[in-house]
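No experiment lies behind these values; they were computed from the predicted model shown. Numbers restart at 1 for each chain; the letters A, B, ... are given by sequence-line order, proteins then strands.
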2 protein chains.
Amino acid sequence: MKPTLMSRAERAQLAMMIEVAAYPKPGNVDRCHDYENTRLEHFLASVIFARPALEEAERFSAGIGRVIRHAVELTNRHAGGNTHFGAFVLLIPLVMGDGIAGASRLVRSTDTSDAIEFYKAFAETEVRVLPGDELDIRDPAVYDELRARGMTLYDVMVHSAPRDMVAREWTNGFVLTCRGSKILMELGSGRDAVTGMFLRLLASEPDTFIAKKHGMKVAERTMCEAQEVLDGTRDLADFDRACIAGGINPGSIADITIAAIYTALGEGWDWEG
Amino acid sequence: MKPTLMSRAERAQLAMMIEVAAYPKPGNVDRCHDYENTRLEHFLASVIFARPALEEAERFSAGIGRVIRHAVELTNRHAGGNTHFGAFVLLIPLVMGDGIAGASRLVRSTDTSDAIEFYKAFAETEVRVLPGDELDIRDPAVYDELRARGMTLYDVMVHSAPRDMVAREWTNGFVLTCRGSKILMELGSGRDAVTGMFLRLLASEPDTFIAKKHGMKVAERTMCEAQEVLDGTRDLADFDRACIAGGINPGSIADITIAAIYTALGEGWDWEG
């Protein structure tokens, strides 16, 4: 279907839906896999519930930080925990800026109030943080600290970028989002292109969500194993089973996959093929 | 989650999502089964795209026929064919009337313009019609006929009720919707209750979608086989496989299942359990 047949909010929802339905995505929730407390239905409920925030992004009726916080609040109404925090961090500037070029400009224009809203959103999720971070979201003094330093949301992402590949997308011009979108266009239409793109991104950089949860060595090993699947020396279903069994879920690559699908849909990529 | 945490439009979307994600639902699209031209993703795209029409229903900003037609137009933007026509025929009065009692009153107040909008919606889908129906949607003269007879949309449903269990819900006070909702509340929370309810409805009346496609004998046999699954004399997975292989998809029971989930959610049924 033509991108002009959809609003940008709908295109963002479609990207979220297509990502979670695609299978197999090693280690992540998909049609064939639930985690005990976070199931396919929770991801799809988030797709439904996020709509008003994505429409705000399309109308540009609030700042980036406020809209991200609204999306988090809306999707916190189910009990499945954080499903799309990182995806919203990418999708909302992409929807507001109508693509990567606009989003890259927009994120640099954020201010301290965006940073404060973002930290409040963060505090309302169970997103994993590194111990010892000087900007600990669980410390109420963090808001004074942000104000005292005059940190914008972009500054926060610069601060997080070394350890968080979603934050890096903000600071490097959405490099992996762009790469993922190009891979999708190359691989052609339909669901298999999504899993192919996911695997290629997974093989290209260590997933920082895995790194925060299990350490960098596990993230790097997972990256190498994804490359082995692409090389044909490792079985995809076996890799998937091993990831699931170890609780190794590449959540940040999934977030970037959603942003890449959103971008490709805007360029006419055919999800139905 | 409490029903008050959702708008009625969101509750309708959630019901559509929960129905299609539940598995196994013998013969129908679910997490584990696609049909070649209609896949899980098409059903979920319809869930996303239907939102504005469901919001119109909640705001009561147009008549029932107009809103049904809008829902059909919105969801026709994907290439997966008709996914939710029957579900909209049930959900839209349920959302407008805020439940079965209100919907039962509302459907009796429809007029000829509702009937005309409904026939136009019908003409825009590939919904199966019986050959030889005196009100053939493919005949442009049907609109003059409706006007000449002064037929309301309720009259159209009375006309269709003998051969269409979705139409019967309009004329009998949503009997199966109510029964399905009660079964859900009895079976308890979560996904298994949905498949349990689906099977019980399937075992209680011949699915008229199957009857239109394969004849009443096949519909009756499917009903008996569903009862055998409930009795433990037939294997569920085997029944599912046989239905899929034969293209026997109980589409009308699926529509009523969605309406029953919507109703149960409004009464506090816990989908996350």
Where do D34(A) and R191(B) land on the side-chain contact (heavy atoms from CB on, under 4.5 Å) test, with the steps shown first? CA-CA 12 Å; D34(A) 293 316; R191(B) 184 196 293 151; 2.8 Å; yes

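Between R77(A) and E10(B), the closest side-chain pair of non-hydrogen atoms falls below 4.5 Å. Counting heavy atoms from C-beta on, the side chains of F49(B) and M6(A) come closer than 4.5 Å. Annotation: side chain of E272(B) is not in contact with side chain of E41(A) (no heavy-atom distance under 4.5 Å).
In this structure, N76(A) CG and L5(B) CG are separated by 11.0 Å, a value rounded to the nearest 0.5 Å. In this structure, the separation between CZ on R11(B) and CD1 on I48(A) is 13.0 Å, given to the nearest 0.5 Å.
Closest of all the heavy-atom pairs between W271(A) and H42(B) is CH2-CD2, 3.8 Å.
A donor-acceptor pair under 3.5 Å is absent between the side-chain atoms of R31(A) and the main chain of A21(B), judged by distance alone.
If you measure heavy-atom distances from N37(B) to chain A, you find no contacts under 4.5 Å at all. Residue D270(A): no heavy atom, backbone or side chain, is found under 4.5 Å from chain B.
Note on L44(B), L74(B), D30(B): by heavy-atom pairs under 4.5 Å with chain A, the leading option is L44(B).
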